[in-house]
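What follows is a set of notes on a single structure, which appears directly below.
Convention: sequence-line order gives letters A, B, ...; per-chain numbering from 1. All values below come from the heavy atoms of this structure, side chains included, with hydrogens, waters and symmetry mates left out. Small disclaimer: the values here were computed from a predicted structure and weren't measured.
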Amino acid sequence: MCPSCPISSLRAAIERAAAHDTIYLAAGRYFEHDLLIRKPLTIIGPREAIIDGQNKGGVFQVSADSFTLKGIAIRNVSFSELEENSAITLLRCTHYHLEDLHIDSVYFGILVENSDSGVVRNCVIRSSTSGTDEATMGNGIHLWKCENALIADNYVTGMRDGIYFEFVQHSTIERNVSKGNLRYGLHFMFSNHDVYRNNRFENNGAGVAVMFSRNIEMYGNTFIHNWGNNAYGLLLKEIYDGVIQHNHFIRNTVAVQNEGSVRIRYEENDFYFNGWAVNYMGGAYDNYFHHNNFVGNTFEVSYFGRPNNNRFEENYWSKYNGYDLNRDGLGDVPHYPVDLFTYLAHEVNESIILLRSLFVTLLSFAEKVAPVLTPDDIYDPTPLMNLWHWSDSTTSTSALAH
Amino acid sequence: MALVRFHHIHKRFGPLEVLRGISVDILEGQRTAILGPNGSGKTTLIKTLLGMVIPDRGEVLFKGQSVIGKYLYRQEMVYMPQIAIFPHNLTVKELIALVPRLRRQPAHPDPLIERFEVHHFLEKRMNELSGGMKQKVNLVLAFMFDVPLLILDEPTNGLDPIATIELKKLMEEETHKGKTIIFSSHLMEFVQHMAQRIVFLLEGHIYFEGTIEALLHSTETASVEAAVAQLMKQSHAQTQPA
Amino acid sequence: MNRIAAYVIRDLLRSRWTIAYLLFYLIVGYAVLFLSGDISRSLVTFLQIVLILTPLIGSIFGVMYYYTSRDFMELLLAQPMPRRSIFLGQWMGVGVSLGFSLLVGLGIPFLTYGALYEADKGPFILLLALGVALGFIFTGIALITGLITDNRIKGFGASLMIWLLLAVIYDGIFLILLMQFRDYPLEKFALIATLLNPIDLSRVILLLQLDISALLGYTGAVFQQFLGTQTGVLVAAGMLTLWLLLPAALIRRLARKRDF
């Protein structure tokens, strides 16, 4: 069908189609909104096939099995106080497949609820009307009560949260780029047994938040320049049993912010030039750091209280100035990553105003000479003398380049 | 006529009372030597005239005007300090050019440069000069201005005999031009030759003030040296009666 | 005053100390830029160097110059010029030549690198301006200690003590007070304590211009809000001006009363 074909309205085409039919859209502009789909359908078109919602509501509202939407562009879905208007809403769908979509100027991008087994791949979602008010902005890819979803190779920018998971199980998020979103690049809530890998989270308001979830695996992601007051690369809040491996944390105000995290393994991650590399706000038990690189961070680890079996072993710390007499590559004296100023800044927030002052510099120096003042509950007994080189096999740089 | 009048000058440095009510006139056109043992207050008295020391009490009048807190009157006098240490980095030539700029007054250094043979080291830096050379530069700096009052603190320090003779001649020439000279020296022979009037200070008081002739007469001696010794003996007898 | 200042500047620009100071900045400037290769990150390093060195060198150099030129100053005092001109001129002269060393010493590396990297020049210019101001403030304080005592060791010691007090001890006491009163709201106290110390004030003004300000968090936001307003800028500028006027007034007062 096309704008000048006998069937020029997509709504009419959907009504006429039988289950499992395929609708082909030619290039052109289609003015449609609130299209209800209740049967298995495939809709395919080129990028030049543009469905314009004219800011009158949502565009697709699907409740069907095996719904496939590919290639087309959708734009102009505006904010509504009553409904979560989105370019595509999937309700109680199974085996959905959304691919190669260009979604622009929308309130919500893709909203998936109570659905199972689906794919969202290679979509671009952006909001050109970049807002500053969280309340009037929606999320790029929003999943609620779903299972077995694959979110891959998407590019999301200018939304509230780039990707949002709530009550989502056994799903995978990979090779996405989430950049310049107002709040979080990725936001997990109450979602267990999920994996996200090789994503890039850049310049988002506050980075990635993983909250109230269990068994989350995070591999090969890049958290870069989430910089600002109260911004962080990764926020872990009430998290149990996770793996964080092969991630790059570069120039974030706080690379990993912990507000309650238990049994998290940090293996072979790079923490480069962050304000705080790892900041604990309490409730941390049995976290294990092994073979991570900490380079050029203003504060390496901010942790206070009893050690609670949180352990650091064989990490590389650029602030370490010990020695290695037996040349086994491991420093002969432990490294204490929590320095005195870290402690002071943690105890009284206002004292951070003395950052880069001569007094604090002298204090740090005095501390190195006579480390009696250093909080010594947390330490790496075997710090590496050189950077740890890990093979980046699970991380490919094929994340979308837009 | 009094060019300078010190009037009841008192000055105390901490516990030390250096000047205890000094009143004396310096007569115009005369060469007046201010004498006294070390610590008698000679330099301090001179410095009250220059405004470098501010008296606790009393007045210093120059041409009948109080000098305290003022500075323009200093256009009419030059001061040759006892130990002149100049900025190290300057050459002699630069220094001689600098002082007239600071004073905003014309200067005639050339005849003096010739006379004291300063042209041999005009291009040298001040820190490369010997004590005698520095003193010669000091003399050029003092005498190159055409001002009515010259104040010379130990002008003969470090000078060779030839330069000393030149200095004496120069001082006489200046007096012939009607200028007033105040100087101090520990060389009594120099004082006897050059002074017309003597002010003798002792422990903050004026012990004698008058012409050389009056000094010799009152002490019944033949030389200034002997007269000064006599004055000091007298004072000793007074302070320790027994 | 200008005559004296011009003379002092000419004298100092030929001094090997001025040249050494300039070369130091030149070498450090190139070294830091070369090693970091990144202007915005090297700015934090420059900030720390400038905030330590300009007050310290101002203190040392100011008092050193005062004592070594003491005799020459006496010669000047006998000339027909007011005392305040001599000492304010000396202050100006030392301040300008130290400022010159800083501007040229760091300016050249920055300009040559700045041409390569399109960096924001605002914070750098602000850094140089604050560095020059701090140099003036501490040279003035050094001159005052010189005017107060003829004892070189005491004068030198006092000048260094004042530097130590404002550069280090002040912040130590500041930190102890913050710890002691941690249960009270402290933003206002932190703001006032920072405003009162010219080194701290300069540091915070500069930090707020840089990326690193994000680390200041909530506290930084309070400062940003204050210094971001017109009143805040005026108060900060006013405090620095006050720190410049204070030595000027004291120098005038001491020069008027003192004996030489």
Side-chain angles (χ1 to χ4, degrees), chain B residues 11-14 18-19 43-44 46-56 62 67-91 94-95 97-105 125-127 134 137-138 141-142 145 147 149-151 153, chain C residues 1-21 61 64-90 92-94 97 146-152 154 252-260:
Chain B
K11 184 65 193 179
R12 177 189 280 279
F13 290 124
V18 184
L19 303 177
T43 304
T44 306
I46 288 172
K47 283 184 170 179
T48 61
L49 169 58
L50 289 159
M52 295 166 71
V53 168
I54 296 152
D56 300 332
F62 179 73
V67 304
I68 292 166
K70 304 202 177 76
Y71 63 93
L72 280 174
Y73 74 95
R74 289 198 288 267
Q75 282 175 345
E76 298 184 63
M77 58 184 73
V78 289
Y79 173 54
M80 175 177 160
Q82 195 172 347
I83 317 155
I85 299 172
F86 303 104
H88 304 306
N89 297 321
L90 288 186
T91 64
E94 286 167 328
L95 186 64
L98 172 70
V99 177
R101 274 209 304 277
L102 294 173
R103 288 183 69 93
R104 294 197 171 140
Q105 270 179 335
R125 282 167 188 265
M126 291 304 293
N127 54 354
K134 278 184 188 167
V137 175
N138 217 351
L141 291 176
F145 295 102
V147 292
L149 175 61
L150 293 141
I151 302 162
D153 202 351
Chain C
M1 183 164 86
N2 296 335
R3 277 176 285 169
I4 305 294
Y7 161 71
V8 172
I9 291 166
R10 221 167 332 115
D11 184 27
L12 278 178
L13 288 187
R14 285 192 293 187
S15 138
R16 62 197 135 167
W17 294 109
T18 315
I19 291 162
Y21 188 49
F61 210 78
M64 205 169 78
Y65 191 81
Y66 175 80
Y67 285 125
T68 51
S69 64
R70 206 17 242 274
D71 300 291
F72 185 61
M73 287 297 145
E74 284 194 21
L75 186 118
L76 292 179
L77 284 162
Q79 311 302 338
M81 54 180 74
R83 285 182 168 197
R84 60 169 189 277
S85 308
I86 295 169
F87 293 100
L88 291 179
Q90 189 185 359
M92 283 282 291
V94 178
S97 31
L147 279 167
I148 285 172
T149 175
D150 279 337
N151 183 326
R152 287 173 186 231
K154 274 189 195 164
R252 280 185 73 137
R253 198 185 155 79
L254 285 167
R256 197 168 61 231
K257 292 193 164 173
R258 202 181 185 293
D259 296 315
F260 292 91

### Query
So does C/R252 have more than 12 non-hydrogen atoms from other groups sitting under 6.0 Å from CZ?
no

### Task
For residues C/M81 and B/R104, determine if any side-chain heavy atom of one lies less than 4.5 Å from a side-chain heavy atom of the other.
no

### Query
Which heavy atom in C/A78 sits nearest to a heavy atom in B/R74, and how many Å separate them?
O-CD, 3.4 Å

### Query
Counting heavy atoms not belonging to C/K154, are there more than 12 under 6.0 Å from its NZ?
no

### Summary
So CG of B/L102 and CD1 of C/I86: to nearest 0.5 Å the spacing works out to 9.0 Å

### Message
Please classify the contact between C/R70 and chain B as side chain, backbone, both or neither, with a heavy-atom cut-off of under 4.5 Å.
### Response
neither

### Message
Taking side chain as everything from C-beta outward and backbone as N, CA, C, O, which of these in B/K11 sits under 4.5 Å from a heavy atom of chain C? Side chain, backbone, both or neither.
### Response
side chain

### Query
Can you find a pair of side-chain heavy atoms, one from C/R3 and one from B/R101, that are under 4.5 Å apart?
no

### Query
Between B/F13 and chain C, which part of the residue has a heavy atom less than 4.5 Å away: side chain, backbone, both or neither?
side chain

### Summary
Applying ring pair (Phe, Tyr, Trp, His ring centres under 6.0 Å) to C/Y7 and not counting sequence neighbours gives C/F72

### Query
Atom CD in C/E74, atom OH in B/Y79: separation rounded to 0.5 Å?
7.0 Å

### Task
Check each atom of B/Q105 against the heavy atoms of chain C and say whether the ones under 4.5 Å are side chain, backbone, both or neither.
neither

### Task
Kindly determine whether C/D259 and B/K47 satisfy salt bridge (charged side-chain N to carboxylate O under 4.0 Å, His left out), including the steps that lead there.
CA-CA 9 Å; C/D259 296 315; B/K47 283 184 170 179; over 6 Å; no

### Query
For the side chain of B/R103 and the backbone of C/P80, is there at least one donor-acceptor N/O pair under 3.5 Å apart?
no

### Task
Sort B/L95 into side chain, backbone, both or neither according to what part of it lies under 4.5 angstrom from a heavy atom of chain C.
side chain

### Query
Partners of B/F62 by ring pair (Phe, Tyr, Trp, His ring centres under 6.0 Å), sequence neighbours excluded?
none

### Message
What part of C/R256 gets within 4.5 angstrom of chain B, counting heavy atoms only: side chain, backbone, both, or neither?
### Response
backbone

### Message
Is any side-chain heavy atom of C/K257 closer than 4.5 Å to one of B/I54?
### Response
no

### Task
Could you tell me whether the side chain of C/R83 and the main chain of B/Y71 form a donor-acceptor pair under 3.5 Å?
no

#### Entry: Winner by heavy-atom pair count (cut-off under 4.5 Å) against chain C, out of B/L72, B/L98, B/L50
B/L98

